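Input: a single structure, listed below in structure tokens.
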Amino acid sequence: MYMANLRITEWRKLPVSLAELCLDTTLRCGQSFRWKKLRDNEWSCALHGRILSLKQDSTHLHYRSIRPTTTYPLSPPSSATPSVVDCSSEDEETEALLRHYLNLAPDLTGLYEQWSKVDSNFKKRAPKFTGVRILKQDAWEALVGFICSSNNNIVRISQMVNNLCLHYGPLVGHIDDQAFHGFPSPESLTGPGVESHLRELGFGYRAGYIARTASIVAKEKPEGWLQTLCNEEPYDDSPDQKPLPEGGREGYRRAHEELLQLQGVGPKVADCVCLMGLGWGEAVPVDTHVWQIAQRDYKFGKGKHKSLTKATYDAVGDHFRQLWGKEAGWAHSVLFAADLKAFSERLTTKLEVDVDEVKIKQEDETILEAKLVVKREYALHDVKGESEEQPAKVMVESTRSQRAKRRRVG
DNA sequence: CTGTCTCCTCATTC
DNA sequence: AGAATGAGGAGAC
């Protein structure tokens, strides 16, 4: 069995508010499929040859990495680009990787304010879904993940992607006996037995799509082809920038068109890859969910655009781009998350939290201080928020004594 | 329950 | 007129 020397860095932190990034929503809303919640509030994933772990409190994002000391050189010569920042320490390199992957540059709070200003529906639904940030995932990983997403749900997609990594991806390390594998390269999915193997693993008709797409990317396209479709513009949030062209920027349209050539990639999957893997903020993936939102809240589904045809698909995207602007795909993901069944408890539950300091005088004349956390859940009748008189559920979360201070009394 | 592909019909075009 | 083209729908995967 392979055992590597591992280097575990200490936890470090970045000042990031929950409004700028909510891990729980962002990592579960169906844009990435590999993050594992091992302990409460702690997420881990194998990225760039290391295991990255994240957790957060109301003011900071905490992170650490675990990686082999011998394998995975810091900057593989093949992928090095002239503009790569030379990091003097591993911690700085991990921080740079985090800032890039979590896409921390855009001011999400400011964007929410802008979208709320122009769209009353967004303003109504967004408050319970703050901190939904679009990740900058690896384009190849995003492509395969979203090929798996057709006719599928988030839990099953995650199982499929996990299986793909387990059988075809490199082992990076373990946390508590839990193995972490990196995402397999296109080359590693080009073997003759891949399609039938993936069928045995439960991929269904997507097995053929993945095998054929892997072959096209690995053999027919030039090295680094996917990356050439990336948005290279630095993020710009100045108030006066040139207006977004109808249908999106030229680079986005070209990327979308190129992706459509691949097997198993239609307009929706192509938009997912454009938005979450290639950095095109105006890409608006319209799935059945978004189509229902467009009909319910944005007057689609009547006259022309009665069903979700190609023409309707483009019209919905154009409408949202015109309404929300250059990062329309980001706003779209907020409403998408707000409609996910996995998050529906936020719409039907009101949570009150009381924290009481309790002081208990003990027999030996010392005082024991304890923190008592009481949570009350109220069932709501509707989204607007009329609560029941009585809490549906009361939980006493912790009665652990914070510290037992010894004090002289009197 | 976060689509895509193929094949088919039917309307439009020249 | 009749082939070419393309949108739209149904069913398979």
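We name chains A, B, ... by the order of the sequence lines, and we start the count at 1 in each one. This structure is a prediction, so every number in the text was calculated from the model and none was measured.
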Exercise for the section: Using a heavy-atom cut-off of under 4.0 Å over every strand shown, decide if L260(A) touches base, sugar-phosphate, or nothing. Expected result: nothing

Practice task
For I154(A), answer base if it contacts any base atom (sugar-phosphate contacts may also be present), sugar-phosphate if it contacts only those atoms, and nothing otherwise; contact means non-hydrogen atoms under 4.0 Å.
Solution key: base

Exercise for the section: Mind checking N152(A) for me? I need base, sugar-phosphate or nothing, with any heavy atom below 4.0 Å counting as a touch. Expected result: sugar-phosphate

Exercise for the section: Report yes or no: is the cationic atom of R346(A) (NZ for Lys, CZ for Arg) under 6.0 Å from the centre of the six-membered ring of F343(A), at an angle within 45° of the ring normal? Expected result: yes

Practice task
Assign L340(A) to base, sugar-phosphate, or nothing according to its heavy-atom contacts below 4.0 angstrom with the strands shown.
Solution key: base

Practice task
Taking atom P in both dT2(B) and dA10(C), compute the distance separating them and give it to the nearest angstrom.
Solution key: 22 Å

Problem - Validation row, ring centre Y168(A) to ring centre F183(A) under 6.0 Å - result: no

Problem - Pair F122(A) and H332(A), ring centroids less than 6.0 Å apart - result: no

Completion exercise
Here the distance between atom P of dA10(C) and atom CG of L308(A), to the nearest Å, is 14 Å

Fill in the blank from the handout: In numerical order, the residues of residues 202-221 of chain A whose heavy atoms come under 4.0 Å of DNA chain B are Y205(A), Y209(A)

Handout entry: Lys/Arg cation over aromatic W291(A): K268(A), 6.0 Å, 45° cone
Key = no

Fill in the blank from the handout: Sorted by chain and residue number, the salt bridge (Lys or Arg N to Asp or Glu O under 4.0 Å) partners of R12(A) (sequence neighbours excluded) come out as D91(A), E95(A)

Practice task
Quick one: label P285(A) by what it contacts on the DNA or RNA (base, sugar-phosphate, nothing), any heavy atom closer than 4.0 Å.
Solution key: nothing

Practice task
Please find out if less than 6.0 Å separates the ring center of F336(A) from that of H289(A).
Solution key: yes

Practice task
Assess whether one donor atom and one acceptor atom, taken from the side chain of N151(A) and the base of dG3(B), lie less than 3.5 Å apart.
Solution key: yes

